[in-house]
Amino acid sequence: MLQVNFIRNNKERVLAGLKKRNAKEDLLQAIESILQLDDDRKRLKTELDEANAERNRFSAEIGALMKQGKKEEAEQSRSQVAGLKERTAAIEEELKSTEEQLTEQLYLIPNIPHESVPVGITPEDNEIYRPGPDPLPELGDTALPHWEIAAKYKVFDLELGVKLTGAGFPVYRGKGAKLERALINFFLDEAAAAGYEEIIPPLMVNEDSARGTGQLPDKEAQMYHVTLDNLYLIPTAEVPVTNIYRDQILDASELPIKMTAYTPCFRREAGSYGAHVRGLNRVHQFDKIEIVQIAHPDQSYEILMQMLEHVAGLLNKLGLPFRILRLCGGDMGFTSALTFDFEVWSAAQKRWLEVSSVSNFETYQSNRMKMRFREGKDKDIQLVHTLNGSALALARIVASILENNQSPEGVVIPEVLRKYTGFDLLN
RNA sequence: GGAGGAAUGGCAGAGCGGUUGAUUGCAGCAGUCUUGAAAACUGCCGUACUGAGAGGUACCGGGGGUUCGAAUCCCUCUUCCUCCGCCA
């Protein structure tokens, strides 16, 4: 969430940012309400502090008198404190309720878009930051969509997943399973080579972690909730990995912290059905390798670009045609300040498939997580910037490989994957 | 799952109703000494809110309670340790 002081000192910028996100009028009014609530909070806190200070003075006095054995005088002081108690209790209650309202309102405010974020409402308004190849590869009319190729070569089985679990839970088999594992290892090795520490995090997180990265409150419906233990299945490794440094004060010399993790990701996404979500286009469980960085604010945008090039490098090595979009204000995630999406061209489906999203969250997540760092000799403490990106999301990469690399003999495995798969052709 | 014990500052570890935001040691920072380093010595060494500042307030795993006053007493939750049971 945003810091109240930031809102106070940059009100016009915040309002302009919200407008770029096409925020409704009530959200703009929430800004006023936040500033008012914060004023109330300060006033009440001061009142409470003063009342407490008075009480502490009496208590110290009573203590001193008791020590000297002056019991009667102590009794006298004690009776003077009586009224104070009720007053503090009342102020305390009001303060608590004000703070709760303030937090509630702050949770409603999304991150402020970076200045480079284009104005726009729908995905059509996204800016093409780096165009795809021209002309786009063509496969002709005989090209099959990946779900048909998968059926032909038994790569994965969605029907079987329905029997075992439900819709959207693919079962990978044989060479398909091996391809999946090959991609995981390839992506992890590439991330390690780029200096990311490999992490194997828990696949379930508690409420605090889900709140830290912004999944809670509000987006409960996106996650599977284990109610008996009040745990959430992770929708992305971003959640457990970023939360590793929650509630910590790092030293500036430790930054940036680079971490990578492979995990399955679970998404309820009560979304639509139809051609666009067929096959692996949208599933409830998929594998993903995530890269996360915790960065110094001065470096975060430079780092965002490095992450962008890392992902671009992966797609180049796999030989997949892709383009990069800079998301417009209306299409950007709630917690992000700047997001680039990677889309792979599917010659068979004749459309672009999103395979990665790389974002800078600036201090939006770190403020929630109280993730800070200490700078230099003056020991100034400030919030870090957090960034993450998919490098990459497997299900859609598998779909892209199946479709783009199909041939009469079978699916040609990209060169870089062959040492992992142990076979050249999926058939 | 059953029975006990414990949770204090970066770490170790005192305190168990009154001037304790917290003894002490280690680590860290600044300085004295030294050609330099080490050693020794001196000082500093948590976070947040609030205030122009002096200062004030809150926090000793989380939440609640008793009391004029709680790190210290009570309730509750969480986590960890030991023993028993079960188990990949």
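Look at the C1' atom in both B:U35 and B:U24: the space between them is 37 Å, to the nearest Å. Here, B:U72 and B:U20 have their C1' atoms 11 Å apart, quoted to the whole Å. B:C33 and B:G15 have their P atoms separated by 41 Å, with the value rounded to a whole Å. Nucleotides B:G85 and B:A3, compared at atom C1', are 11 Å apart to the nearest Å. Nucleotides B:G10 and B:G62 have their P atoms positioned 13 Å apart, rounded to a whole Å. Atom P of B:A58 sits at a distance of 38 Å from the matching atom of B:U82, rounded to the whole Å. Across the C1' atoms, B:G64 and B:A70 are found 14 Å apart, a figure rounded to whole Å. Taking the C1' atom of each, B:A71 and B:U8 are spaced 7 Å apart, rounded to whole Å.
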**OP:** Would you sort out whether A:K317 and A:E415 count as a salt bridge (Lys or Arg N to Asp or Glu O under 4.0 Å), showing the intermediate values?
**Re:** CA-CA 8 Å; A:K317 285 180 186 176; A:E415 187 71 42; over 6 Å; no

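For the pair A:R372 CZ and B:G10 C1', the computed distance is 15 Å after rounding to whole Å. Between the C1' atom of B:A48 and the CG atom of A:D247 lies a distance of 12 Å, rounded to the nearest Å. A straight line from CG of A:L250 to C1' of B:G46 spans 16 Å, rounded to a whole angstrom. One atom, CG of A:N5, and another, P of B:A48, lie 13 Å apart when rounded to the nearest Å. If you measure from atom CG of A:L95 to atom P of B:U50, you get 11 Å, rounded to the nearest angstrom. Per the geometry, CZ belonging to A:R374 stands 13 Å off P belonging to B:C29, to the nearest Å. Taking atom CE of A:M369 as the reference point, atom P of B:U47 lies 20 Å away to the nearest angstrom. Rounding to whole angstrom units, CG of residue A:D40 and P of B:C49 are separated by 18 Å.
A salt bridge is defined here as a Lys NZ or Arg NE, NH1 or NH2 lying under 4.0 Å from an Asp or Glu carboxylate O, and A:D40 with A:R43 meets this definition. Under the 4.0 Å criterion applied to side-chain N and carboxylate O atoms, A:K96 and A:E92 are not assigned as salt-bridge partners.
Legend: ring-ring contact (aromatic ring centres under 6.0 Å, His included) pairs involving residues 92-120 of chain A, not counting sequence neighbours, sorted by first then second residue: A:H114-A:Y301.
Side-chain contact, A:T363 with A:S366: no donor N or O sits under 3.5 Å from an acceptor N or O. In the model, A:Y420 has a side-chain atom that pairs as donor or acceptor with a side-chain atom of A:D189 under 3.5 Å.
Ring centers of A:Y129 and A:F340: under 6.0 Å apart, within the cut-off.
For A:Y196, the ring-ring contact (aromatic ring centres under 6.0 Å, His included) partners two or more places apart in sequence, or in a different chain, are A:H310. With sequence neighbours excluded, no residue satisfies ring-ring contact (aromatic ring centres under 6.0 Å, His included) with A:F58.
Look at A:R41 and you'll find a side-chain N or O under 4.0 angstrom from OP1 or OP2 of B:U50.
Residue A:R43 is classed as having no contact, given no heavy-atom separation below 4.0 Å to the nucleic acid.
Counting only Watson-Crick and G-U wobble pairs whose two distances sit under 3.5 Å, RNA chain B takes part in these stems of three or more pairs: B:1-7 with B:78-84, B:10-12 with B:24-26, B:28-32 with B:40-44, B:46-50 with B:55-59, B:61-65 with B:73-77.
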Could you list the donor-acceptor pairs under 3.5 angstrom formed between side-chain atoms of residues 233-243 of chain A and any protein atom two or more places apart in sequence or on another chain?
from, atom 1, to, atom 2, distance (Å)
A:T236, OG1, A:E238, N, 3.0
A:T236, OG1, A:K288, NZ, 2.8
A:E238, OE1, A:N388, ND2, 3.4
A:E238, OE2, A:Q365, NE2, 2.9
A:E238, OE2, A:N388, ND2, 3.4
A:T242, OG1, A:E238, O, 2.6
A:N243, OD1, A:R246, NE, 2.7
A:N243, ND2, A:S209, O, 2.9
A:N243, ND2, A:V239, O, 2.8

Subject >> Footprint string (nucleotides 57-80 of chain B, 5' to 3'): B base within contact, S backbone only, - free, heavy atoms under 4.0 Å >> reply: BS-----S---BS-----------

